[in-house]
Amino acid sequence: MGVRENLQLVREKVRSAAVRSGRDLEKIKIIAVTKKVEIARMQEVIRQGIVDLGENRVQELTEKRPALPTGLHWHMIGHLQTNKVKYVVGLVDLIHSLDSWGLAEEIHRQAVKLDLVAKVLVQVNISGEKTKYGLAQSDLADFLIALRDLPHISVQGLMTVAPYVENPEEVRPYFRELRLLAARHNLEHLSMGMTNDFEVAVEEGADLLRLGTAIFGPREN
Ligand SMILES: *Cc1c(COP(=O)(O)O)cnc(C)c1O
């Protein structure tokens, strides 16, 4: 299937999940994850009305961005190294992957330089898997308090990457936990749900879906 059909199917599934769970479809955004996807196929999803694009590597982001129309919303969704922050702040609308204090300080430093407020999500390692980035859930409250001292960072919500499982029902508790955490801290946005689990994520309150394979097909590694 082509990108167009894939996207149509994704949109239908998102709509059904929203209806099932009584959610407002308007509030749910599909971010097309375009890592390893070439420009021509990115243009195809843009033609289909996608305006949010997610990349997980800084180099790919900075190379592709100038080749595409202005007015798109770019999302940095991957782990960010401190030395690359300067290439990202000001280019992306939202950094989903704030996962350490050092990174926060560097994002703040660059935002001050550019005289802007960097919008971020705090990545939480809800499942506690050793291989996953993100703050431990128990560290979140103190982290958010500390961030108040960095006025050029605006925390918009939380992000998580769920473990890959055969049956997406298994990750429902993690998504629910992230939603409760966000609510406890009055944070609006929830970036959760990937190809394997986005319907469950929608049912649990996700409003930023990060979808690669579901739209573009399998990536070559
Ligand atoms: C690659 C990636 C995605 C998209 O994954 P798919 O399973 O292809 O939808 C989402 N979030 C992050 C952080 C990623 O790196």
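Just the heavy atoms: all of them, side chains too, but no hydrogens, waters or symmetry mates, feed the values below. Counting starts at 1 for both ligands and their atoms, in listed order. One is the number of the first residue; the rest follow in order along the sequence.
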Considering distance alone, does some N or O of Val161 sit under 3.5 Å from an N or O of ligand 1?
no
What orientation do His79 and Tyr133 show, parallel under 30°, tilted 30 to 60°, or perpendicular over 60°?
parallel
Test item, Leu211 contacting ligand 1 (heavy atom, 4.0 angstrom)
yes
So with a 6.0 Å cut-off around CD of Glu169, is the heavy-atom count from everything else above 12?
yes
Going by an N to O cut-off under 4.0 Å, is there a salt bridge joining Glu44 and Arg41?
no
Measuring from non-hydrogen atoms of His96 to any atom of ligand 1, is the shortest distance under 4.0 Å?
no
Among all the protein's non-hydrogen atoms, which is closest to atom 9 (O) of ligand 1, and how far away is it?
Thr195 OG1, 2.5 Å
of all protein heavy atoms, closest to atom 12 (C) of ligand 1 is Ile77 CD1, 3.5 Å
Treating Lys64 as the side-chain partner and Thr34 as the backbone partner, does any N or O pair qualify as donor plus acceptor under 3.5 Å?
yes
heavy-atom search around atom 14 (C) of ligand 1 in the protein gives Lys35 NZ, 3.0 Å
Verify side-chain hydrogen bond (donor to acceptor under 3.5 Å, both in side chains) between Gln8 and Glu12, making sure each step is shown before the conclusion.
CA-CA 6 Å; Gln8 216 160 21; Glu12 273 162 32; 5.6 Å; no
Is there a donor-acceptor pair under 3.5 Å between the side chain of Arg65 and the backbone N or O of Leu91?
yes
Arg219-ligand 1 polar pair, N/O distance under 3.5 Å
yes
Nearest to atom 8 (O) of ligand 1 by heavy atom, Ile215, Thr34, Thr213: which?
Thr213
Does His75 reach the main-chain N or O of Ile95 with its side chain, forming a donor-acceptor pair under 3.5 Å?
no
Nearest to atom 11 (N) of ligand 1, what protein heavy atom do you find, and at what distance?
Arg210 NE, 2.9 Å
Would you mind checking which non-hydrogen protein atom is closest to atom 3 (C) of ligand 1, with the distance to 0.1 Å?
Met194 CE, 3.7 Å
